[in-house]
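Protein chains get the first letters and strands the later ones, always in sequence-line order, with residue 1 at the start of each.
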2 protein chains.
Amino acid sequence: MPAIPLSYSDIAEDISARIRSGEYSPGDKLPSYTQLAELYSVSFSTAARAVALLRDRGLVIGAPGRGVFVAEQPQSQQ
Amino acid sequence: MPAIPLSYSDIAEDISARIRSGEYSPGDKLPSYTQLAELYSVSFSTAARAVALLRDRGLVIGAPGRGVFVAEQPQSQQ
DNA sequence: CACCATTTGTTCGTATGTATG
DNA sequence: GCATACATACGAACAAATGGT
């Protein structure tokens, strides 16, 4: 284990940075919860929670049964 | 079980509405996680998660060991 | 100072429901 | 029907901070 595992907040920030950098472009599908959990060496729950944060911020849109996609709009939240 | 329990998102929205309505004023301390869990008939985890959402939105500020307080500023988030 | 109860904040694992293909 | 994937709830556990005794 790489010392301390990343928190869901850290993971959300990392993904957020990758979206800003263009690594993940609008319309792109993010890795699945299971894959994210693997990637960041955290549990499924923690990976899901990181994505939930991004969803709340309007950066990504979850589509049950299909995946999580980077939002097209730059933003807009309420 | 009272039909369907409220989701953390629903609870966050309810508390948010109570802040907007003035039921909870800036500086006020919200009920503790344990009390919120009791109030909304959900688990501790779910109550804590609802508050986490409000924290992320800048509506409240958590103070470990003391409580959660309604933010003074109307907002500002990044 | 030492305890101790309370409270925030988080992780994890398991389970369930729903949607998609 | 089935496998995959999102979305959420729950309970147990723990760390850290605070405040009172």
So which nucleotide from [options] ends up closest to the side chain of [X]?
| X | options | value |
| --- | --- | --- |
| B/S7 | C/dT10, D/dA7, D/dA9 | D/dA9 |
| B/S43 | D/dG11, C/dT8, D/dT18 | D/dG11 |
| A/P64 | C/dG9, D/dC6, C/dC12 | D/dC6 |
| B/P5 | D/dA9, D/dC6, C/dT8 | D/dA9 |
| B/T46 | C/dG13, D/dG19, D/dA9 | D/dA9 |
| A/Y8 | C/dG9, C/dT11, D/dC6 | C/dT11 |
| A/S32 | D/dG19, D/dA13, D/dA5 | D/dA5 |

For A/F44 and A/G65, find the nucleotide of DNA chain C closest to each by heavy atoms; which residue's nucleotide sits nearer the 5' end?
A/F44
Which residue lies toward the 5' end of DNA chain C, A/L6 or B/K29, if each is placed at its nearest nucleotide?
B/K29
Residues B/R57 and A/D56: closest non-hydrogen pair is NH2-OD1, 2.6 Å
What closest approach, in Å, do B/A52 and A/R49 show between heavy atoms, and which atom pair accounts for it?
CB-NH2, 3.4 Å
base_contact_polar (C/dG13 base, A/S45 side chain, donor-acceptor, <3.5 Å)
yes
